[in-house]
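Since the structure comes first, as structure tokens, the remarks are kept for the end.
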Number of protein chains: 2
Amino acid sequence: MAESEEKVLPMGLFMDLERSGPIPLYFQVSQRIEKAILNGELPVGSRLENEVGLAQRLGLSRPTVRRAIQDIVDKGLLVRRRGIGTQVVHGQVTRKVELTSLHDDLTNTMKTPSTHLLTFESVAADDTVAEKLSVVLGTPTLHIRRLRLADDVPVAVMENWLPEEFLTIAPDDLVTYGLYQVMRARGITLRVARQRISARKSTPEEAGLLDVEKNAALLTMDRTAFDNSGRAVEFGHHCYRPDLYSFEVTLVEK
Amino acid sequence: MAESEEKVLPMGLFMDLERSGPIPLYFQVSQRIEKAILNGELPVGSRLENEVGLAQRLGLSRPTVRRAIQDIVDKGLLVRRRGIGTQVVHGQVTRKVELTSLHDDLTNTMKTPSTHLLTFESVAADDTVAEKLSVVLGTPTLHIRRLRLADDVPVAVMENWLPEEFLTIAPDDLVTYGLYQVMRARGITLRVARQRISARKSTPEEAGLLDVEKNAALLTMDRTAFDNSGRAVEFGHHCYRPDLYSFEVTLVEK
DNA sequence: GAGTGGTCTAGACCACTGA
DNA sequence: CAGTGGTCTAGACCACTCA
């Protein structure tokens with residue numbers, strides 16, 4: 001069938017592998033294959049060259065090539081079947097949810113983000129915040145509430161609680177750079193985030209902030225983020241205008 | 001600090017590795033480590049034994065042990081830092097979004113699911129359906145609409161379109177087994193799903209079906225699912241009562 | 001300097017698929 | 001049967017962190 005056509009990757013794609021640089025070989029390979037899928041050089045349904053052959057052609061070991069391919073499989077762009085081969089998944093590609101801040105999201109989509117800082121205060125952790133941040137009840141925390149806009153249109157109301165060490169953050173930096181960038185600047189590397197996505201009606205106050213009618217439907221997300229030592233460094237409750245923001249997820253059966 | 005305590009995994013955890021059975025060694029190891037995390041044998045913040053040492057103790061090669069650990073890192077239960085070690089992430093564990101049907105979800109949470117079949121018909125693919133399923137405009141497709149209940153409480157209205165080969169599905173099977181189980185029985189293995197999660201107000205009809213007030217906020221999901229050959233085999237638009245259902249996602253920075 | 005995870009090699013054997 | 005991906009080994013060298 002036409003769908004299973006063999007398709008050999010152009011040699012040119014792998015001409016300039018940098019073997020001594022800091023970028024891992026498997027990453028260089030996976031980037032090139034992914035690019036070939038996204039720009040149509042590898043059409044949907046087509047078969048990828050087999051692992052062993054590809055490894056020989058590139059002068060790499062099979063595990064290295066295998067890892068490159070597996071990374072793309074995990075992104076949902078390829079499917080593999082034992083005894084069959086590797087094929088490009090049909091359907092247009094959608095960007096998946098990533099561990100990024102809203103600030104980054106809006107920047108990437110060519111909108112100009114801005115922020116109104118609504119609240120910036122020290123509060124004692126209540127039951128929920130204490131549990132989410134793994135601190136004892138009543139511990140001081142930084143409580144912030146922000147209105148985020150894209151091209152001056154309100155998109156989200158974001159409420160966050162952070163461990164007390166962040167009380168020294170400058171409010172102006174928060175407005176200028178966004179929360180995650182400020183945390184990165186303080187040496188915090190976010191590694192894991194657990195999110196719960198749901199929906200509810202807006203409160204009258206939120207309706208005013210987001211410029212929607214009263215009782216409009218809002219998309220909500222609760223998120224707890226952990227740094228690279230496994231410590232909870234942020235808990236937040238966000239609500240988004242569903243006409244301006246939604247979440248995309250790609251799931252891959254393992 | 002107490003949080004970085006060394007913690008050696010009890011030998012007993014790895015007593016009965018089955019080296020000749022069909023279950024991969026890395027999977028057996030990762031299951032045991034994950035179990036030790038979930039039941040508290042490995043407390044949050046504790047350090048896991050290093051890869052090389054663990055491999056020696058278990059009589060396995062380092063890549064095998066490494067893969068076992070990496071699988072758990074990808075689930076968001078462990079974090080690794082070069083030069084430091086591997087630690088258990090803080091915070092309670094939440095089940096993440098998986099590639100399962102609602103039927104499975106409800107069964108897993110000990111509720112009794114049931115289904116009312118609202119629509120079961122052949123319709124010509126419109127623009128959206130044709131694009132999502134990668135078929136030509138006007139191709140016959142199976143269009144179904146179902147009301148899903150848990151313990152007789154309405155939870156979701158689910159509308160789906162499937163390629164015409166599924167027109168031979170027996171409506172009774174859909175009610176008894178759920179869509180995904182019926183597809184599995186026909187040899188379809190789902191591999192990749194792309195989902196978009198958002199929110200909107202309910203229509204008057206949906207409000208009646210879901211037993212909520214008019215204009216209530218609903219959680220919505222559009223999903224396209226692909227089988228193991230990369231072909232689109234399902235497109236659906238679902239809406240959920242947000243008080244009874246939400247989505248959990250665990251994100252891991254790579 | 002010692003210990004850790006990150007990358008990479010060059011093979012091996014197996015399970016599954018389709019002709 | 002040949003071809004494919006799935007698993008596994010036994011090393012190697014490097015980059016990074018901390019004492």
Side-chain angles (χ1 to χ4, degrees), chain A residues 1 3-4 6-8 17-30 33 46-74 78-87 187 189 191 227-230 252-254, chain B residues 1 3-4 6-8 17-31 46-74 78-87 187 189 191 227-230 252-254:
Chain A
M1 6 173 28
E3 285 198 342
S4 297
E6 186 72 24
K7 176 78 182 184
V8 175
L17 288 178
E18 182 59 67
R19 304 190 73 96
S20 53
I23 304 169
L25 289 169
Y26 72 83
F27 187 75
Q28 296 181 48
V29 173
S30 72
I33 296 176
S46 66
R47 280 186 53 195
L48 191 67
E49 186 178 357
N50 75 73
E51 293 176 2
V52 183
L54 191 53
Q56 277 183 344
R57 273 210 309 127
L58 303 185
L60 298 172
S61 71
R62 184 182 166 200
T64 300
V65 171
R66 182 173 174 77
R67 168 150 189 195
I69 295 175
Q70 189 59 49
D71 282 357
I72 305 174
V73 171
D74 290 341
L78 293 175
V79 290
R80 292 214 267 210
R81 280 180 292 172
R82 182 182 336 209
I84 304 287
T86 305
Q87 284 177 291
T189 305
R191 269 297 171 66
D227 69 4
N228 55 14
S229 73
V252 179
E253 185 76 14
K254 303 239 170 158
Chain B
M1 23 181 0
E3 284 198 344
S4 295
E6 186 71 25
K7 175 78 179 184
V8 175
L17 287 179
E18 182 60 67
R19 302 189 74 96
S20 53
I23 303 169
L25 288 169
Y26 72 84
F27 187 76
Q28 296 181 49
V29 173
S30 71
Q31 269 196 324
S46 66
R47 280 186 53 197
L48 189 69
E49 185 178 358
N50 73 73
E51 293 176 4
V52 182
L54 192 53
Q56 277 182 345
R57 275 210 308 127
L58 303 185
L60 298 173
S61 70
R62 184 183 165 199
T64 300
V65 171
R66 181 172 175 77
R67 167 150 190 194
I69 295 174
Q70 189 59 48
D71 282 358
I72 305 175
V73 171
D74 290 341
L78 293 175
V79 289
R80 294 212 266 209
R81 279 181 294 171
R82 176 173 357 198
I84 305 284
T86 306
Q87 285 178 291
T189 304
R191 268 297 170 66
D227 70 4
N228 55 14
S229 73
V252 179
E253 185 76 14
K254 301 242 169 154

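Below, chains carry the letters A, B, ... as their sequence lines are ordered, and counting in each starts from 1. As the structure is a computational prediction, the values presented were derived from the model and not from experiment. Side chains are part of it too, since the values below use all heavy atoms of this structure and drop only hydrogens, waters and symmetry mates.
A close approach under 4.0 Å does not occur between any side-chain nitrogen or oxygen of A/Thr64 and OP1 or OP2 of C/dT7. Residue A/Tyr26 places at least one side-chain N or O under 4.0 Å from the OP1 or OP2 atom of C/dT7. Residue A/Arg62 places none of its side-chain N or O atoms closer than 4.0 Å to OP1 or OP2 of C/dT9. Listed pair B/Asn50 / C/dT4 meets the phosphate criterion, a side-chain N or O lying under 4.0 Å from OP1 or OP2. In this structure, B/Arg80 reaches the C/dG6 phosphate: one of its side-chain N or O atoms is under 4.0 Å from OP1 or OP2. Residue A/Arg19 places at least one side-chain N or O under 4.0 Å from the OP1 or OP2 atom of C/dT9.
Across all their heavy atoms, A/Asp227 and B/Val79 have their closest contact at O-CG1, 4.2 Å. B/Gly21 and B/Glu18 get closest at one heavy-atom pair: N-CG, 3.5 Å. Nearest heavy-atom pair, B/Asn50 versus B/Gly53, reported as atom, atom and distance to 0.1 Å: OD1-N, 2.7 Å.
One interatomic measurement links the two molecules: CZ of B/Arg81 to C1' of D/dC16, which rounds to 12 Å at whole-angstrom precision. Look at CG on B/Leu58: it is 15 Å from C1' on D/dT9, rounded to the nearest Å. Between the CG atom of B/Leu54 and the P atom of D/dT9 there is a distance of 13 Å, given to the nearest Å. If you take CD1 of A/Ile23 and P of C/dT7, they are 12 Å apart, rounded to a whole angstrom. Summarising the geometry, the separation between CG on B/Leu60 and P on D/dG11 is reported as 14 Å, rounded to the nearest angstrom. Per the geometry, CD belonging to B/Glu49 stands 13 Å off C1' belonging to C/dG3, to the nearest Å.
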### Message
For a side-chain contact (heavy atoms from CB on, under 4.5 Å) check, start with the C-alpha distance between B/Val65 and B/Arg62, then their side-chain angles and the critical distance, and finish with the verdict.
### Response
CA-CA 5 Å; B/Val65 171; B/Arg62 184 183 165 199; 5.7 Å; no

### Message
Is there a side-chain contact (heavy atoms from CB on, under 4.5 Å) between A/Leu60 and A/Leu17? Walk through the geometry before answering.
### Response
CA-CA 10 Å; A/Leu60 298 172; A/Leu17 288 178; 4.2 Å; yes

### Message
Checking B/Ile69 against B/Leu78 for the side-chain contact (heavy atoms from CB on, under 4.5 Å) test, could you report, in this order, the C-alpha distance in whole Å, the side-chain angles of both residues, the deciding distance, and whether it holds?
### Response
CA-CA 8 Å; B/Ile69 295 174; B/Leu78 293 175; 4.1 Å; yes

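Ranking C/dT17, C/dG5, D/dT7 by closeness to the A/Ile84 side chain, first place goes to C/dT17. Closest to the side chain of B/Ser61, from the set D/dC8, D/dG6, C/dT17, is D/dC8. Which of C/dC13, C/dG6, D/dC8 sits closest to the side chain of B/Glu51 comes down to C/dG6.
Among B/Gln56, B/Arg80, B/Gln70, the single residue meeting the side chain to side chain contact (heavy atoms under 4.5 Å, CB included) criterion with B/Glu51 is B/Arg80.
Among the heavy atoms of the strands lying under 4.0 Å from B/Pro63 is at least one base atom, whether or not backbone atoms are also near. A/Arg66 comes within 4.0 angstrom of a nucleotide base, judged by non-hydrogen atoms across all strands.
For A/Arg82 against D/dG3, no side-chain N or O and base N or O form a donor-acceptor pair under 3.5 Å.
Note that the two end axes of the helix from C/dG1-D/dC18 to C/dG18-D/dC1 enclose an angle of 10°, each drawn from 5 base pairs, rounded to 10 degrees.
Distance CG/A/Asp74 to CG/B/Asp74: 7.0 Å, rounded to 0.5 Å.
Each of A/Gly83 and A/Phe27 was matched to the nucleotide of DNA chain C holding its nearest heavy atom; the match closer to the 5' end belongs to A/Phe27.
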